[in-house]
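Notes to accompany the following structure.
Atoms considered below: every heavy atom in the structure, side chains included; atoms not considered: hydrogens, waters and symmetry mates.
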Amino acid sequence: MDHLARARTLLAQHPVVDGHNDLPWALRKQVRYDLARRDVGQDQTGHLHTDIPRLRAGGVGAQFWSVYVRTDLAGDEAVSATLEQIDCVDQLIARYPGDLAAALTADGMEKARAAGRIASLKGAEGGHSINNSLATLRALYALGVRYMTLTHNDNTAWADSATDAPGVGGLSPFGHEVVREMNRLGMLVDLSHVAATTMRDAVSTSTAPVIFSHSSARAVCDHPRNVPDDVLALLPSNGGVAMVTFVPKFILPAAVEWTAAADENLRVHGLHALDTSPEAMALHAAFEAAHPRPVATVVTVADHLDHMRAVAGIDHVGIGGDYDGTAFTPSGLDDVSGYPNLIAELLSRGWSEGDVAKLTWGNAVRVLRDAEAVGREERSRRGPSNATRESLDG
């Protein structure tokens with residue numbers, strides 16, 4: 001059996017848990033959540049990286065849907081937009097009940113897989129979504145959000161981002177309290193996008209395993225969005241999982257400078273650097289015609305996974321593609337149907353079937369189950385925190 005055939009057989013038994021997919025934001029931007037206009041039950045190639053036929057072809061068994069909102073939405077506006085994103089995921093699950101199943105727990109993920117459905121979980125991308133309110137954090141959890149990324153591209157008042165100037169030097173006292181309250185709830189602390197100082201602070205405070213829902217190895221590609229080796233080395237004692245991302249500008253050194261220039265090209269035309277609208281993509285195409293784009297491949301991603309496994313261990317790696325949250329994807333991982341190509345590459349490098357099973361399914365399910373156990377223990381000892389940023393940070 002060739003490696004690709006073996007990969008497909010393995011994924012049928014141990015499907016991918018993907019840590020991060022921005023389909024809800026793409027649906028907001030493209031059709032303002034009009035799911036009839038962008039029917040992901042049918043092939044949406046040309047519009048989206050993600051639809052149900054391609055999720056099935058890619059061997060995806062569980063998806064953390066990002067309920068991300070941009071950081072230029074602030075305060076109550078950010079909270080409202082996050083609620084709309086949550087509602088979008090709920091609408092998707094209701095619209096495609098034969099393919100998608102809501103999952104709130106690790107057991108729920110296993111139940112969905114046994115029923116042949118794609119377990120659907122929610123992750124909030126950026127602490128601005130709670131508007132400095134632990135009550136809002138609890139409300140998001142009650143609505144099914146099972147991880148929160150502490151920052152996005154910009155700092156919050158209580159946590160430093162990887163791509164912003166240092167603000168509080170990692171986590172502020174209120175930031176530490178956010179982590180503790182997430183532990184009490186059983187909500188995973190997601191450290192993608194945060195500064196290395198924030199990563200270290202969060203790991204030192206968290207009594208539950210942390211995750212990186214979509215980050216790669218800084219030693220392989222020196223981008224601040226990636227995880228330094230000293231933090232990867234903390235994962236075995238913490239129990240957490242770092243989920244490799246596919247975004248070329250985070251994984252291919254040659255793509256870093258090119259992407260900065262391409263993003264600036266969008267900005268001078270009045271568009272946000274994260275815009276993936278037809279207008280933005282046309283500008284990207286024109287820029288690429290004049291300045292050929294360095295192309296990441298399946299090999300690029302596998303190099304990151306090899307390094308992450310060497311430093312953190314096989315029990316602490318996963319996959320978080322960031323589909324529909326990036327303008328460009330690696331060759332061979334063009335959309336959500338591409339996961340078998342990555343698994344085939346890893347098999348060709350000598351990864352065992354047991355290693356692959358942990359990477360794709362086992363580690364992600366285990367880390368959520370462990371966070372749930374910590375939450376039960378914490379809730380038996382203490383009630384909700386009513387601390388405020390003002391009371392803790394002054």
Side-chain angles (χ1 to χ4, degrees), residues 17 19-20 64 123 125-127 147-156 158-172 175-176 178-180 182-183 187-247 249-253 256 300-322 358-359 363-364 366-368 370-371 374:
V17 180
H20 194 88
F64 279 92
E125 188 177 18
Y147 75 64
M148 185 175 74
T149 321
L150 298 186
T151 74
H152 191 244
N153 288 340
D154 300 307
N155 297 342
T156 65
W158 43 269
D160 284 355
S161 168
T163 47
D164 200 351
V168 296
L171 289 175
S172 74
H176 287 280
V178 171
V179 170
R180 285 189 287 267
M182 292 174 73
N183 289 164
M187 182 188 286
L188 289 163
V189 176
D190 178 22
L191 301 180
S192 286
H193 280 288
V194 308
T197 50
T198 308
M199 297 176 193
R200 297 179 188 112
D201 279 356
V203 172
S204 70
T205 295
S206 182
T207 55
V210 301
I211 65 166
F212 293 83
S213 67
H214 58 308
S215 294
S216 295
R218 194 174 299 189
V220 180
C221 182
D222 188 14
H223 192 287
R225 270 282 281 104
N226 289 333
V227 191
D229 276 2
D230 72 290
V231 177
L232 286 172
L234 297 173
L235 293 182
S237 58
N238 167 265
V241 173
M243 308 174 95
V244 70
T245 192
F246 301 166
V247 179
K249 66 181 178 181
F250 302 149
I251 60 175
L252 183 67
V256 175
T300 314
V301 177
D303 288 345
H304 280 268
L305 279 171
D306 274 345
H307 182 83
M308 293 159 75
R309 180 179 69 161
V311 176
I314 188 57
D315 294 314
H316 306 286
V317 291
I319 296 172
D322 204 8
K358 289 183 175 183
L359 171 75
N363 291 343
R366 187 263 307 160
V367 78
L368 181 56
D370 288 351
V374 169

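Judged by distance alone, with hydrogens and angles left aside, the side-chain atoms of His304 form a donor-acceptor pair with the main-chain N or O of Ile251 at under 3.5 Å. A donor-acceptor pair is defined here as one N or O able to donate and one able to accept, closer than 3.5 Å; no such pair exists between the side chain of Thr245 and the backbone of Ser215. Formation of a donor-acceptor pair under 3.5 Å by the Ser161 side chain with backbone atoms of Asn153 is found in this model. Of the possible polar contacts, none joining the Arg309 side chain to the His316 backbone as a donor-acceptor pair under 3.5 Å is found. Asp160 places no side-chain N or O within 3.5 Å of a backbone atom of Pro166 that could act as its donor or acceptor partner. Here the side chain of Asn155 pairs a donor or acceptor atom with the backbone of Ala165 at under 3.5 angstrom. Of the possible polar contacts, one joining the Asn183 side chain to the Thr207 backbone as a donor-acceptor pair under 3.5 Å is found. Between the side chain of Asp201 and the backbone N or O of His176 there is no donor-acceptor pair closer than 3.5 Å. In this structure, Ser192 contributes its side chain and His214 its backbone to a donor-acceptor pair below 3.5 Å. Between the Arg218 side chain and the Pro224 main chain, a donor and an acceptor come within less than 3.5 Å of each other.
Between Phe64 and Tyr147, the ring-plane angle classifies as tilted under the 30° and 60° cut-offs.
The CG atom of Leu252 lies 10.0 Å from the CG atom of Asp303; values are rounded to the nearest 0.5 Å. With rounding to the nearest 0.5 angstrom, the CE atom of Met148 is 4.5 Å from the CE atom of Met182. Once rounded to the nearest 0.5 Å, the distance linking OG of Ser216 with CG of Asp322 reads 10.0 Å. Separation of atoms CE (Met308) and CG (Asp229) is listed at 10.5 Å; rounding is to 0.5 Å. Separation of atoms CG (Leu368) and CG (Asn363) is listed at 13.0 Å; rounding is to 0.5 Å. Expressed to the nearest 0.5 Å, how far OG of Ser206 lies from CD1 of Ile211 amounts to 11.0 Å.
Taking both residues in full, the closest heavy atoms of Phe246 and Ile319 are given as CZ-CG2, 3.7 Å, listed atom of the first, atom of the second, then distance. Looking at every heavy atom in both residues, Pro209 comes nearest to Ala371 through CD-N, 4.3 Å. The shortest heavy-atom contact between Thr197 and Gly169 is CB-O, 3.7 Å. Between His307 and Val220, the shortest heavy-atom contact is CB-CG2, 3.7 Å. The shortest non-hydrogen separation linking Ala233 to Val311 is N-CG1, 3.9 Å. Minimum heavy-atom separation, Arg366 to Asp315: NH2-O, 2.6 Å.
The salt bridge (Lys or Arg N to Asp or Glu O under 4.0 Å) contacts involving residues 237-247 comprise nothing, where partners must be two or more places apart or lie in separate chains.
Between His193 and the options His152, His20, His223, a ring-ring contact (aromatic ring centres under 6.0 Å, His included) holds for only His152. Partner of Val210 under the side chain to side chain contact (heavy atoms under 4.5 Å, CB included) criterion, out of Val189, Leu188, Thr205, Leu150: Val189 alone.
Counting only heavy atoms from C-beta outward, the side chains of Cys221 and Asn226 approach each other to under 4.5 Å. Contact check for Phe212 versus Val241: no side-chain heavy atoms found under the 4.5 Å cut-off.
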Would you check, one step at a time, whether the test side chain to side chain contact (heavy atoms under 4.5 Å, CB included) holds for Val317 with Met243?
CA-CA 6 Å; Val317 291; Met243 308 174 95; over 6 Å; no
Taking it one step at a time, do Leu191 and Val203 satisfy side chain to side chain contact (heavy atoms under 4.5 Å, CB included)?
CA-CA 9 Å; Leu191 301 180; Val203 172; 4.0 Å; yes
CA sep, side-chain torsions, deciding dist, call: Trp158, Val178, side chain to side chain contact (heavy atoms under 4.5 Å, CB included)
CA-CA 9 Å; Trp158 43 269; Val178 171; 3.9 Å; yes
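For Arg180, the salt bridge (Lys or Arg N to Asp or Glu O under 4.0 Å) partners at least two apart in sequence or on another chain are Glu177.
Between the side chains of Asp190 and Ser213, at least one donor N or O sits under 3.5 Å from an acceptor N or O.
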